[in-house]
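Taking it in order: structure first as C-alpha cells, then the write-up.
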Amino acid sequence: MSKTFFTFYGVRGSYPVADESVKKYGGNTTSLLIETENDIVILDAGTGIIKLGEYLKNSRKDIREINIFITHFHLDHLMGLSFFYPLSDEKYKIKIHYPKIDGIDINSALFNLFEPPYSPIGKDGILADIELIALDIDKNNEIIINDNLKIDYFYDPIHPIHGVMLYKIKTIKKSLVFATDIEPKGKFTDELKSFIKGANILIHDAQYLDEDYYDKDTPTKGYGHSTFTMAINNAIEADVEKLYLFHHNPVYSDSKLENILKDVRKKFKNSFLAEEYKKDIL
Ligand SMILES: [Zn+2]
Ligand SMILES: [Zn+2]
C-alpha cells in the first residue's frame with residue numbers, strides 16, 4: 001500500500017505576506033498537497049499553489065491527473081490558480097471539485113481572474129483538460145481517488161457569506177480533516193463536530209488570539225474565523241491525534257506564533273504551526 005503524505009504550500013490567511021518576520025512559517029495563502037505514489041490531491045489554490053505547480057512540473061513528472069478541491073471562493077483560496085503551471089500544459093487532466101452554491105457562476109468564480117483586465121492570459125491560455133465537478137452541499141457523497149484514498153466533505157454555511165466546505169481525506173487506516181475558515185455561531189454545530197470527530201490529523205483555522213477576537217474597540221468576531229482557543233477545544237473534543245494551527249493571521253510574525261504555540265501546547269500537547277513546505281505523513 002503506497003504511503004500518503006501531505007505538504008503545506010500556503011498557510012497564511014486573508015492575503016499573502018512577503019516579509020522577513022514570516023519567513024519561517026511562510027507568507028503564501030492556503031494550499032495543501034496530498035500525495036501518494038500515483039495520486040495528487042490539492043486543497044485550495046491560494047498563492048501556495050504556484051510553488052506546488054513547480055514541484056509537480058519538476059519532481060512528479062509521472063503525474064497526468066490532478067484533483068483540486070476548493071473550500072470556497074474567497075480570493076486568498078483562489079488567487080494562485082492562474083499561475084498554477086499544470087493548467088498551461090496539455091498533458092494534464094485537472095478535476096476541480098467545488099461547493100455548488102446558488103447564485104455563484106462557477107466559470108466566473110474560478111476563471112475571471114485569468115481574463116483582462118486582471119490578467120493578460122485569458123482562458124485560452126488554459127491547455128490542460130479541465131473537468132469541473134460540483135459538490136452537493138446538502139449531502140456527502142464520498143469521492144474515491146483510489147482504494148486507499150477517499151474524500152468526504154461537509155458544508156458549513158456560516159463563513160460569510162457563502163459558507164465553506166470542509167474536507168476529510170481518508171486512507172484505510174487514517175484520516176485528515178481540513179477545516180479552514182470556520183467560526184461558530186455561539187457554538188460549533190454538532191454536525192461540524194461529528195465531521196471532525198476521531199480524525200488523526202486536524203488542520204484547523206486559528207487566525208485570532210482571544211484578545212483580538214473579542215477586542216473592545218476593533219473585534220474580529222464575525223469575520224468568519226476561529227481563535228486558537230476554538231481550535232484547541234475542537235481538537236480535544238474530537239479526540240484527534242495531532243493539531244495543525246492554520247490560516248495564520250497575516251500580521252502575526254513567526255515569533256508571535258511561536259509564543260502562542262507554547263501556550264497552546266499547555267492545553268493540547270500535540271499541536272503544531274502549519275509551516276510552508278513541511279511534509280508529514282498521514
Ligand atoms: Zn481564508
Ligand atoms: Zn474565507
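Indexing begins at 1, ligand by ligand and atom by atom, following the structure's order. Since we're looking at a predicted model, the values are computed, not measured.
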Review point. Strictly under 2.8 Å, is any N, O or S atom of D181 next to the Zn ion (ligand 2)?
Key: yes

Check your understanding: Are F178 and F246 an aromatic pair by the rule of ring centers under 6.0 Å?
Key -> yes

Review point. Below 2.8 Å, any N, O or S contact between H74 and the Zn ion (ligand 2)?
Key: yes

Point to revise | Centroid-centroid distance, Y277 to Y9, less than 6.0 Å | key: yes

Point to revise | Six-ring centre of F154, K168 cation under 6.0 angstrom, axis tolerance 45° | key: no

Point to revise | Aromatic plane relationship, H72 with H77 - under 30° parallel, 30 to 60° tilted, over 60° perpendicular | key: tilted

Review point. Would the F69 and Y153 ring centres measure less than 6.0 Å apart?
Key: no

Revision key, fill the gap. At the Zn ion (ligand 1), OD2 of D76 and NE2 of H247 open up to roughly (10° bins) 100°

Check your understanding: So, H77 and the Zn ion (ligand 2): N/O/S under 2.8 Å, yes or no?
Key -> no

Check your understanding: Hey, which N, O or S atom on H72 ends up closest to the Zn ion (ligand 2)?
Key -> NE2

